[in-house]
Peer 1: 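A single structure is presented below for examination.
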Amino acid sequence: MSAGERFDVAIVGGGLAGLSCACETARGGLSTAVFERGAECGSKNVSGGRLYLGPLRGLLPGFWNDAPLERLVARETLTLVAGDASASFDLRAPGLAKPEHASHTVLRAKLDRWLADRAVEAGAMVLPESRVDGVVLHDGTVAGVRVGDEEIAARVVVAADGALSFVARSAELAGAPRADRLAVGAKEIVALDAGRLEDRFGLEPGRGAARLLVGDFTRGLPGGGFLYTNRDSVSMGVVVRLDAAAAAGPSGPETHALVDALRAVPEVARLLAGGETVEYSAHLVPELSFADAPPRSRPGLLVAGDAAGFVANYGFTVRGMDFAAASGILAGRAVVEAAKSGRPAEDAPGAYERALAGSFVLRDLAAARGLDRFLANDRFYGHYPRSVCALLEELFRVGAPGRGAAFRSTWKLARGTIANWRGFRDLWPARKL
Amino acid sequence: VAGEEALMRVDEKIALDAFRQDEREHIRLDAAKCRACGDRICIRTCPGHLYTLVGETGEVKVEWSGCLECGSCLAVCPNGAVDWSYPRGGCGVRYRHG
């Protein structure tokens with residue numbers, strides 16, 4: 001980096017959004033620099049572990065075929081947990097493997113490093129160990145980034161620096177991070193050899209399982225747990241709403257203890273028995289509903305990925321990585337298009353907004369609007385898992401004196417817990433989702 | 001067999017992670033604001049359990065060298081007592097799996 005040099009594009013953050021963007025701008029012939037604060041791309045990144053590739057194939061056919069993916073998810077399980085009891089809904093279906101719906105488990109250290117290599121191959125410069133401290137503003141236009149004492153000029157800056165986005169903050173597109181717009185995730189990587197893993201999760205060789213759990217192990221906090229099988233490890237963790245965690249009071253649960261509570265659930269303990277924890281990580285997840293999405297561009301600056309809040313919380317799963325990659329690709333293409341006009345700083349924001357509006361990113365995020373409010377109901381995390389487990393236990397219980405089929409007593413229990421006015425009211429808002 | 005393993009403590013889990021230590025702390029607490037805080041949400045919320053209450057002084061201390069860099073403490077502190085930035089380039093936690 002010689003003094004006085006100006007990049008066509010400066011991208012902050014070497015994650016899925018930033019590197020996808022870099023591939024596009026470098027391929028488009030623009031001088032591109034990616035600033036990554038970690039020692040290498042991926043070293044600061046954490047995800048639950050599942051990437052939906054289907055939507056991305058439309059944007060970049062064939063590109064992801066060589067990506068270091070862990071396992072194709074061939075089995076989906078939702079488990080309701082109440083103490084030592086659990087009830088599971090289990091899906092195996094050929095449709096899970098169809099390219100347009102397929103999801104794969106991933107480990108970000110590997111995946112992001114691969115994507116960084118693709119960006120370099122395309123001609124981008126990836127600069128690790130470079131923490132961007134803010135943007136440079138000239139007459140209201142973002143004109144570069146600050147790294148320590150150094151100012152690096154760029155025609156367009158792309159903020160792809162994650163949920164906390166200090167870059168969007170320094171450009172006044174975002175305020176201080178708010179607990180009611182975030183969830184916190186904590187995760188362990190548990191090593192388990194491929195043979196045992198496939199046996200325990202009931203998988204064909206090379207195929208993977210996604211297990212999502214909801215129940216009292218989050219101690220009443222809205223959120224849940226996940227298990228994703230990698231090649232020879234399992235990603236196990238919890239995600240809970242940060243505002244609820246903060247409001248739980250002095251007797252509220254400690255976040256790290258929720259991970260232990262998940263692992264202690266008998267169903268989980270059985271799957272992971274003998275598995276050795278090899279890494280512990282934590283990360284924030286944006287949880288803003290689409291309605292309060294902050295502005296994501298201004299002259300000279302585009303915001304992509306988690307930094308723009310592009311995450312959909314479906315309750316049973318949180319989806320963000322495909323939005324990150326897609327928004328990065330669209331941002332990159334917008335910059336390439338705007339560069340042709342000779343006024344990239346002025347024209348890129350409009351091109352980016354148009355591309356987003358026409359893509360699955362805003363369409364799918366709009367479809368998830370209101371879900372977060374629906375899912376804030378704490379009865380989904382305690383009362384319902386308890387009730388469903390109790391109901392099924394009642395239904396399957398045979399042999400008590402004087403009992404015939406348990407249908408009548410089960411129905412009576414259902415009336416008291418789920419099939420009543422309160423249950424109707426809890427679920428009624430779902431019709432609009 | 002299920003439940004056979006003893007659970008690891010959270011500091012033992014963090015000890016499994018790779019770090020490159022920065023000599024400068026990247027989290028600073030405003031002691032006066034911390035003393036005035038009753039709830040100490042940071043202590044419960046930090047996934048690394050790095051915040052502790054020191055003795056009778058009511059002072060909150062943070063073991064920043066084990067920071068997982070999530071930023072929860074920054075977002076939950078109701079008093080703006082947490083001065084938090086990412087560690088300098090190349091420093092801090094280095095996830096090998098992610």
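Naming convention: chains lettered A, B, ... in sequence-line order (proteins, then strands); numbering from 1 in each chain. What you are looking at is a predicted structure, and each value in this text was computed from that prediction instead of being measured.
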Peer 1: So A:Tyr280 and B:Leu16, side-chain contact (heavy atoms from CB on, under 4.5 Å) or not? Walk me through it.
Peer 2: CA-CA 7 Å; A:Tyr280 180 64; B:Leu16 300 169; 5.8 Å; no
Peer 1: In terms of heavy-atom proximity below 4.5 Å to chain B, should A:Asp161 be classed as side chain, backbone, both, or neither?
Peer 2: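 For A:Asp161, the contact with chain B is made by the backbone alone.
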Peer 1: Indicate the atoms forming the closest heavy-atom contact of A:Pro177 with B:Leu74, along with that distance.
Peer 2: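 Between these two residues, the closest heavy atoms are CG-CD2, 3.7 Å.
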Peer 1: Would the number of heavy atoms belonging to other residues, nucleotides or ligands and lying under 6.0 Å from CZ of A:Arg196 be above 12?
Peer 2: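 Atom CZ in A:Arg196 is packed in, count exceeds 12.
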Peer 1: Sub-3.5 Å donor-acceptor pair from the side chain of B:Tyr95 to the main-chain atoms of A:Glu279, do we have one?
Peer 2: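 Flag not set: sc B:Tyr95 to bb A:Glu279 has no pair under 3.5 Å.
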Peer 1: Which residue out of A:Asn230, A:Leu242, A:Asp133, A:Val184 racks up the most heavy-atom pairs below 4.5 Å with chain B?
Peer 2: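 Most heavy-atom pairs within the cutoff with chain B belong to A:Leu242.
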Peer 1: Given 3.5 Å as the limit, does a donor-acceptor pair link the side chain of B:Arg44 with the main chain of A:Gly249, or not?
Peer 2: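 Pair found, side chain donor or acceptor close to backbone of A:Gly249.
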Peer 1: Checking A:Glu188 against chain B: side chain, backbone, both or neither under 4.5 Å from a heavy atom?
Peer 2: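 Just its side chain gets close to chain B.
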Peer 1: Of the non-hydrogen atoms in A:Ala179 and B:Val76, which two are nearest, and what is the gap between them?
Peer 2: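 So the two residues come closest at CB-CG1, 4.3 Å.
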Peer 1: Measuring heavy-atom distances to chain B, does A:Glu267 have an atom under 4.5 Å in its side chain, in its backbone, in both, or in neither?
Peer 2: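 Neither part; nothing is under 4.5 Å.
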Peer 1: What distance do B:Leu68 atom CG and A:Lys187 atom NZ have between them, rounded to the nearest 0.5 Å?
Peer 2: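 Separation between the atoms: 12.5 Å.
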Peer 1: In this structure, are over 12 heavy atoms from other groups packed under 6.0 Å from B:Glu59 atom CD?
Peer 2: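 Buried by this count: over 12 neighbours within 6.0 Å.
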Peer 1: Check for a donor-acceptor pair, side chain of A:Thr255 on one end and backbone N or O of B:Thr45 on the other, with a separation under 3.5 Å.
Peer 2: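 At least one qualifying donor-acceptor pair exists.
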Peer 1: Between A:Ala245, A:Pro250, A:Ala186, A:Gly42, which shows the greatest number of heavy-atom pairs under 4.5 Å with chain B?
Peer 2: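 Highest number of pairs under 4.5 Å: A:Pro250.
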Peer 1: As an exercise, state the distance from CE of B:Met8 to NE2 of A:His256, rounded to the nearest 0.5 Å.
Peer 2: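 Taking CE in B:Met8 and NE2 in A:His256, the distance rounds to 13.5 Å.
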Peer 1: Going from NE2 on A:His283 to OG on B:Ser72, what distance comes out if it is rounded to the nearest 0.5 angstrom?
Peer 2: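 Between A:His283 NE2 and B:Ser72 OG, I get 10.5 Å after rounding to 0.5 Å.
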Peer 1: I'd like to verify something: which residue of A:Glu254, A:Arg108, A:Arg37, A:Glu40 has the highest number of heavy-atom pairs under 4.5 Å with chain B?
Peer 2: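 Sorted descending by pairs with chain B, the first entry is A:Arg37.
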Peer 1: Side chain, backbone, both or neither: which part of B:Cys91 has a heavy atom under 4.5 Å from chain A?
Peer 2: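 The backbone, not the side chain.
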Peer 1: Does A:Arg131 make a cation-pi contact with B:Tyr86, if we ask for NZ or CZ under 6.0 Å from the ring centre and within 45° of the axis?
Peer 2: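 Geometry flag: not set, cation outside 6.0 Å or 45°.
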Peer 1: Is it the side chain or the backbone of A:Leu182 that comes within 4.5 Å of chain B heavy atoms, both, or neither?
Peer 2: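 A:Leu182 touches chain B through side-chain heavy atoms alone.
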Peer 1: Checking B:Arg40 against chain A: side chain, backbone, both or neither under 4.5 Å from a heavy atom?
Peer 2: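 Interface part for B:Arg40: neither.
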Peer 1: Just so I understand: if I count every heavy-atom pair under 4.5 Å between each of A:Ala176, A:Ala163, A:Pro253, A:Ala257 and chain B, which residue has the most?
Peer 2: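 Most heavy-atom pairs within the cutoff with chain B belong to A:Pro253.
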Peer 1: Quick check for you: to the nearest 0.5 Å, what is the distance between A:Asn45 atom CG and B:Glu69 atom CD?
Peer 2: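 Those atoms lie 10.5 Å apart.
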Peer 1: Among B:Gly80, B:Gly89, B:Gly98, single out the residue with the greatest number of heavy-atom pairs under 4.5 Å to chain A.
Peer 2: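 Among the listed options, the one with the most contacts to chain A is B:Gly98.
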Peer 1: Write down the atom of A:Val278, the atom of B:Arg96, and the distance for their closest heavy-atom approach.
Peer 2: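 Answer, listing the atom of A:Val278 first, then B:Arg96: O-NH2, 3.4 Å.
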Peer 1: Given that the side chain runs from C-beta out, which part of B:Pro78 has a heavy atom under 4.5 Å from chain A: side chain, backbone, both or neither?
Peer 2: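 For B:Pro78, no heavy atom lies under 4.5 Å from chain A.
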